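Reckoned from all heavy atoms, side chains included, excluding hydrogens, waters and symmetry mates. Everything numeric here is computed off the predicted structure, so don't read it as measured data.
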Amino acid sequence: MERIVVIGAGQAGASLVAKLRASGFAGKISLIGQETVPPYQRPPLSKAYLLGELALERLFLRPASFYADHDIDLHLGAPVTAIDRIARTVTVGEQVLAYDQLALTTGTVPRNLPAAIGGALAGVHTVRTLADVDAMAPDFAAGRQLVIIGGGYIGLEAAAVAAKRGLTVTVVEMAPRILQRVAAPETSDAIRALHQSHGVRILENVALAALEGADRVTAVRLTNGDVLPADFVIAGIGVLPDTALAEAAGLYLENGIAVDALGRTSDHTIWAAGDCASFPWRGQRLRLESVQNAIDQAELVAQNMLGAGLDYDPMPWFWSDQYDLKLQIAGLNLGYDRVVVRDVSGARSHWYYAGDKLLAVDALNDPRAFMLAKRLIAAGRSPDPAQVTDPATDLKSLLQP
């Protein structure tokens, strides 16, 4: 009987083992996770769950009974300490599990603020796991002062929740503008204005110097000399692919665990999928941090572990919920040289072009533009920007030959 072991019990790992069984794999499956709860959704952690609008059980991707019902050995609270590629085993505590094929779906780990500048003080949080959010939840009380380091999506989503809960919120971004790494100035401007309308203070082009406090953080000192009082701090300064096990096992790394188009690593018996894996895509090597990528790539890898031989060619898309705004992003804006704005009756979208080629669209409370953009990009269609910006243009007509 063939034995498949999957390390990492997040969205990708859960999707991979479910697809194995759905595809008819009858061998032994083990899914190993560091956390003590079954695989769950991460996006609601910093939104609905933190707001108290979503019960813990509703976070779970599948009922805990699913794994037993499908003869999947679920190992929780079980960090893997070693992979032996020669013996084809993984060590989990005092247990050693043999594998014929192994999949790494280890996800990412948050960047932490250095201890030398106060990053280890009590009251300094990251937003990645259920335990992270449970630890910070008591601090989300009206009237408390929160400073968020980093103006990316994670930090801004946390700011929206805090503002809704009646906290005093300041976001500190060292770049000239929030979302600079991932979005055009037009999108940054819209998101900034939204937060400011809810009372959030946004400081850009200034960096953190140090966190102050004896045992617990009490203030944030900035490089311009300002000192911000803080009852607690959230570090939203990005994540790194969790490659520690892969590196220790001698697998090839390149912006994560490097895989081929099938999802196979430099060891032909080991695969990787999700946030931790980089893959070849249209002449470049790409790593995507999104729920849809985690599901799609993991399901493809499951099929390829069974011999399907399918190449991975995703159409990336993402989303972010902040207050009453749903930002939906179709495509990747890498290499854009201009942005055109469509604004019709409050439905706004930002269209990224490289020359005449449409690369991506940011849709702000404009689900119709998002859906049309996905179809256009998937079909390789690039509408005339003049048509896009014309309020009289029916977006559906852009799909016509």
Over all atoms of both residues, closest heavy-atom pair of V339 and A184: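 Where V339 meets A184 most closely, the heavy atoms are CG2-CB, 3.6 Å.
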
If you round to the nearest 0.5 Å, how far is [atom2] of [Y] from [atom1] of [X]?
| X | Y | atom1 | atom2 | answer |
| --- | --- | --- | --- | --- |
| L228 | L208 | CG | CG | 9.5 Å |
| Q101 | L20 | CD | CG | 8.5 Å |
| Q11 | N293 | CD | CG | 10.5 Å |
| F279 | R287 | CZ | CZ | 10.5 Å |
| D100 | E2 | CG | CD | 5.0 Å |
| K326 | D366 | NZ | CG | 13.0 Å |

Filter on side-chain hydrogen bond (donor to acceptor under 3.5 Å, both in side chains), then keep only pairs touching residues 375-401, sequence neighbours left out; what's left?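 side-chain hydrogen bond (donor to acceptor under 3.5 Å, both in side chains) check on residues 375-401 returns R368-D394.
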
Can a side-chain donor-acceptor contact be found between D362 and Y352 if the only test is distance below 3.5 angstrom?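 There is such a pair (donor and acceptor under 3.5 Å, judged by atom type) between the side chains of Y352 and D362.
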
Please check if any side-chain donor atom of S23 sits under 3.5 Å from a side-chain acceptor atom of Q303, or the reverse.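 Per modelled atom types, S23 and Q303 side chains form no pair under 3.5 Å.
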
Can you tell me if [X] has over 12 outside heavy atoms packed within less than 6.0 Å of its [atom1]?
| X | atom1 | result |
| --- | --- | --- |
| N224 | CG | yes |
| E247 | CD | no |
| K28 | NZ | no |
| R181 | CZ | no |

Short question: side chain of [X], backbone of [Y] - any donor-acceptor pair under 3.5 Å?
| X | Y | value |
| --- | --- | --- |
| T106 | D242 | yes |
| S278 | R285 | no |
| S266 | Y252 | yes |
| Q322 | Y153 | no |
| N304 | V301 | no |
| D231 | L146 | no |

Do [Y] and [X] meet the salt-bridge criterion of a basic N to acidic O distance under 4.0 Å?
| X | Y | answer |
| --- | --- | --- |
| D189 | R348 | no |
| D321 | K164 | no |
| D267 | R85 | yes |

With a 4.5 Å cut-off on side-chain heavy atoms, are [Y] and [X] touching?
| X | Y | result |
| --- | --- | --- |
| L156 | H195 | yes |
| Y67 | P39 | yes |
| L97 | I32 | yes |
| Q95 | H75 | yes |
| D134 | Y49 | yes |
| Y312 | W281 | no |
| V200 | V171 | yes |
| E35 | Y40 | yes |

Tell me, with the steps shown, if L45 and L50 meet side-chain contact (heavy atoms from CB on, under 4.5 Å). CA-CA 6 Å; L45 284 179; L50 189 52; over 6 Å; no

Of R177, Q180, E173, the residue whose pairing with S188 passes side-chain hydrogen bond (donor to acceptor under 3.5 Å, both in side chains):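 The passing option is R177.
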
